Novice: 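One structure, as structure tokens, below. Some questions next.
Everything quoted here is computed from the prediction, not taken from an experiment. Order of the sequence lines sets the chain letters (A, B, ...), proteins ahead of strands, with each chain counted from 1.
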Number of protein chains: 2
Amino acid sequence: MTKPLVTILDDEPAIRTILADALEEAGFRTLSFSRAAAFEAALKTHKPDVCLVDLGLPDTDGLTLVHKLALEQGAAVIIISGRAQVQDRVTGLELGADDYIIKPFDPAEVVARIRVRLRTPKAATQTGQIARFNGWEASFDSYTLTDEAGQETPFSHAEGEVLRLFLDAPKRLISRAQMQESLGGGAGDSFDRAMDVRISRLRTKLREDPKNPRLIKTIYGAGYIFLGDVQWT
Amino acid sequence: MTKPLVTILDDEPAIRTILADALEEAGFRTLSFSRAAAFEAALKTHKPDVCLVDLGLPDTDGLTLVHKLALEQGAAVIIISGRAQVQDRVTGLELGADDYIIKPFDPAEVVARIRVRLRTPKAATQTGQIARFNGWEASFDSYTLTDEAGQETPFSHAEGEVLRLFLDAPKRLISRAQMQESLGGGAGDSFDRAMDVRISRLRTKLREDPKNPRLIKTIYGAGYIFLGDVQWT
DNA sequence: TCCGCTTGTTACAATTCGTAAGGTTTGGGA
DNA sequence: TCCCAAACCTTACGAATTGTAACAAGCGGA
């Protein structure tokens, strides 16, 4: 279904939580950061559709960051700031921001303004979403996996949901509970089995050795870890 | 390079003056109106780049006007309103406005926000009547598809509706619901089949391999994705 | 009126994906 | 070490979704 990806950059944990909850509720995928350094590192591997940026971060000048983002990324940039002076807003917008929201904000308005940005072609859900990892190439446009030899294997919507979850959080433990939530399945033992099957099918397409999986590793009693070196382009 | 044209629609003369002065100072051409009727009449002869619209006009429902403007797609629409409720803003943005500025406003910010809109021009898709994609050429003048060898295949109105929908949103998921809405079909299981058939016929004309479609891809449970690299001329 | 084209409808084939059932692995305890 | 229960994997099956061929209704032109 290709949900749009929105990044949140703010040093206040409470604000990150509020935004992330509201955005996921509204049907977006989110990635949260408290520091510009971590955010910029993540941009090397992810390609967001919209970036929410707080000015006044401790480890960088927000405006410089905004300017850089606007120039380099295809993403729309929305500033969320406590600085309410008109002059701040004008320079923020001039430096390349697509919108400027003042704290305190209402999450519903943030969602609405993000949707507006996604409507216009600039950030309209980035096409050509391709992730590369360990010789594989996964295209979420054509729903195909391509191996090093160029051989294509289509993957289904359900498999894609799982794959995307992994590709968005490589080398991190993903608990079954998290997975259930992201995949929108009702809780219960029966959906547990359904997830197993999804993962099993995905493993088959990735040609994993059942005895010795290299990419999707099971952590008994805890969840899964995806071990690929992921790069989104 | 001519100056961008901005229209101002507000029933308070003082506001019109302030805005017009600030905008012309900033290098825009402006047209001011106090009534929606006059504004809509002017649209027949002028093609503004940005429209500033006040809600709460005496002779029309502002939101309806905004919606109509947004659909006709030429210009960016910015609402300027005294109604400060979050809900007002959200519905305004949802109905198609590109920005929402609350009175009282600072003219400098209005100018900045207009400039942002001009930076990312809206797609002017409706002018092009010929689309090229992956060796094909689709003409909506003559309702024909032409392949690389120059061989023509006519397509019908119903097929054209589907094709246009795809060509306007390439590489994006189009849900069945969206499609039904755009194609004006009543909901219901029977129309669902009708849509399948339309798409099936279009696929035949595009010589898609049923086992492995390259252009119109089905996402089970979600909708369709058109994978061509589209260029309108 | 007849003919051909378009388009919706019906019926059935094909695909996807959750569910059930049985097998395998894991890790702790005897 | 062996045993066992819980956790996890895989296969097969069936309900839901989607594809397509065949038919019928509607329309316009000769």
Side-chain angles (χ1 to χ4, degrees), chain A residues 1 143-145 153-165 173-180 182-226, chain B residues 142-145 152-165 173-180 183-226:
Chain A
M1 158 164 62
Y143 279 77
T144 50
L145 274 167
T153 314
F155 58 84
S156 74
H157 179 62
E159 286 152 9
E161 280 190 311
V162 179
L163 180 57
R164 167 155 259 152
L165 201 61
L173 180 81
I174 300 175
S175 73
R176 292 179 88 86
Q178 257 173 286
M179 211 172 259
Q180 260 177 210
S182 291
L183 305 188
D189 187 61
S190 133
F191 188 74
D192 243 32
R193 306 293 95 236
M195 244 171 36
D196 288 348
V197 175
R198 285 194 189 189
I199 287 172
S200 168
R201 285 173 179 149
L202 189 56
R203 275 179 168 149
T204 307
K205 298 210 169 164
L206 288 170
R207 309 212 196 97
E208 292 273 78
D209 173 7
K211 304 286 171 193
N212 181 23
R214 312 213 152 262
L215 286 168
I216 302 176
K217 198 133 188 171
T218 305
I219 311 298
Y220 185 92
Y224 297 92
I225 291 186
F226 183 79
Chain B
S142 58
Y143 275 72
T144 50
L145 272 168
E152 293 188 2
T153 314
F155 59 84
S156 71
H157 176 65
E159 285 153 8
E161 279 190 312
V162 179
L163 182 56
R164 167 155 261 153
L165 202 60
L173 182 89
I174 301 175
S175 73
R176 291 180 89 84
Q178 259 173 285
M179 211 171 258
Q180 254 174 218
L183 306 188
D189 188 60
S190 130
F191 188 74
D192 244 31
R193 307 290 89 239
M195 242 171 39
D196 289 346
V197 174
R198 284 193 189 189
I199 287 170
S200 169
R201 284 172 181 149
L202 190 56
R203 275 179 169 148
T204 307
K205 298 210 169 164
L206 289 169
R207 310 212 196 96
E208 292 272 79
D209 173 7
K211 302 285 169 197
N212 183 21
R214 307 234 142 248
L215 286 169
I216 302 177
K217 198 126 184 173
T218 305
I219 312 298
Y220 181 96
Y224 297 91
I225 291 186
F226 183 80

Novice: Tell me: CD1 of B:I216 to C1' of D:dT20, nearest whole Å?
Specialist: 14 Å
Novice: I need the CE-P distance between B:M179 and D:dG19, as an integer number of Å.
Specialist: 10 Å
Novice: Report yes if a side-chain nitrogen or oxygen of B:K211 is closer than 4.0 Å to either non-bridging phosphate oxygen (OP1 or OP2) of D:dG19; otherwise report no.
Specialist: no
Novice: Side-chain N or O of A:S156 less than 4.0 angstrom from OP1 or OP2 on C:dC17?
Specialist: yes
Novice: Rounding to a whole Å, what distance do you find between A:D209:CG and D:dC9:C1'?
Specialist: 14 Å
Novice: Within the pair B:R193 and C:dG8, is there a side-chain N or O less than 4.0 Å away from OP1 or OP2?
Specialist: no
Novice: With a 4.5 Å cut-off on side-chain heavy atoms, are A:L163 and A:K205 touching?
Specialist: no
Novice: Would you check if A:H157 and B:L173 make a side-chain contact, meaning some heavy-atom pair closer than 4.5 Å?
Specialist: no
Novice: Would you classify A:Y224 as touching base, sugar-phosphate or nothing, given that sugar-phosphate means primed atoms plus P, OP1 and OP2, and contacts are heavy atoms under 4.0 Å?
Specialist: sugar-phosphate
Novice: To the nearest Å, how far apart are A:R176 CZ and D:dA6 P?
Specialist: 16 Å
Novice: Rounded to whole Å, please give me the gap between CD in B:Q180 and P in D:dT17.
Specialist: 13 Å
Novice: If you find the nucleotide of DNA chain C closest to A:V197 and the one closest to B:H157, which residue's nucleotide is nearer the 5' end?
Specialist: B:H157
Novice: Reckon B:R203 has a side-chain N or O less than 4.0 Å from the OP1 or OP2 of D:dG19?
Specialist: yes
Novice: Are the side chain of B:E159 and the backbone N or O of B:R201 linked by a donor-acceptor pair below 3.5 Å?
Specialist: no
Novice: What is the separation between atom CG on B:D196 and atom C1' on C:dA14, rounded to the nearest whole Å?
Specialist: 13 Å
Novice: In whole angstroms, how far is the C1' atom of C:dT26 from the CD1 atom of A:I219?
Specialist: 12 Å
Novice: Look at the side chain of A:Y220 and decide which nucleotide, out of D:dT17, D:dA7, C:dG8, has an atom nearest to it.
Specialist: D:dA7
Novice: Heavy atoms under 4.0 Å, any strand shown: does B:F155 hit a base, just sugar-phosphate, or nothing?
Specialist: nothing
Novice: Salt bridge check: are A:D196 and A:R176 linked by an N-O gap of less than 4.0 Å?
Specialist: yes
Novice: Whole angstrom is fine here: how far is it from CZ in A:R198 over to C1' in D:dC9?
Specialist: 16 Å
Novice: Does a side-chain N or O from B:T218 land closer than 4.0 Å to OP1 or OP2 of D:dT18, or not?
Specialist: no
Novice: Determine whether any donor atom in the side chain of B:R201 lies under 3.5 Å from an acceptor atom in the base of D:dG19, or the reverse, and answer yes or no.
Specialist: no
Novice: Please determine, by modelled atom types, if B:R207 and B:T153 share a side-chain donor-acceptor pair under 3.5 angstrom.
Specialist: no
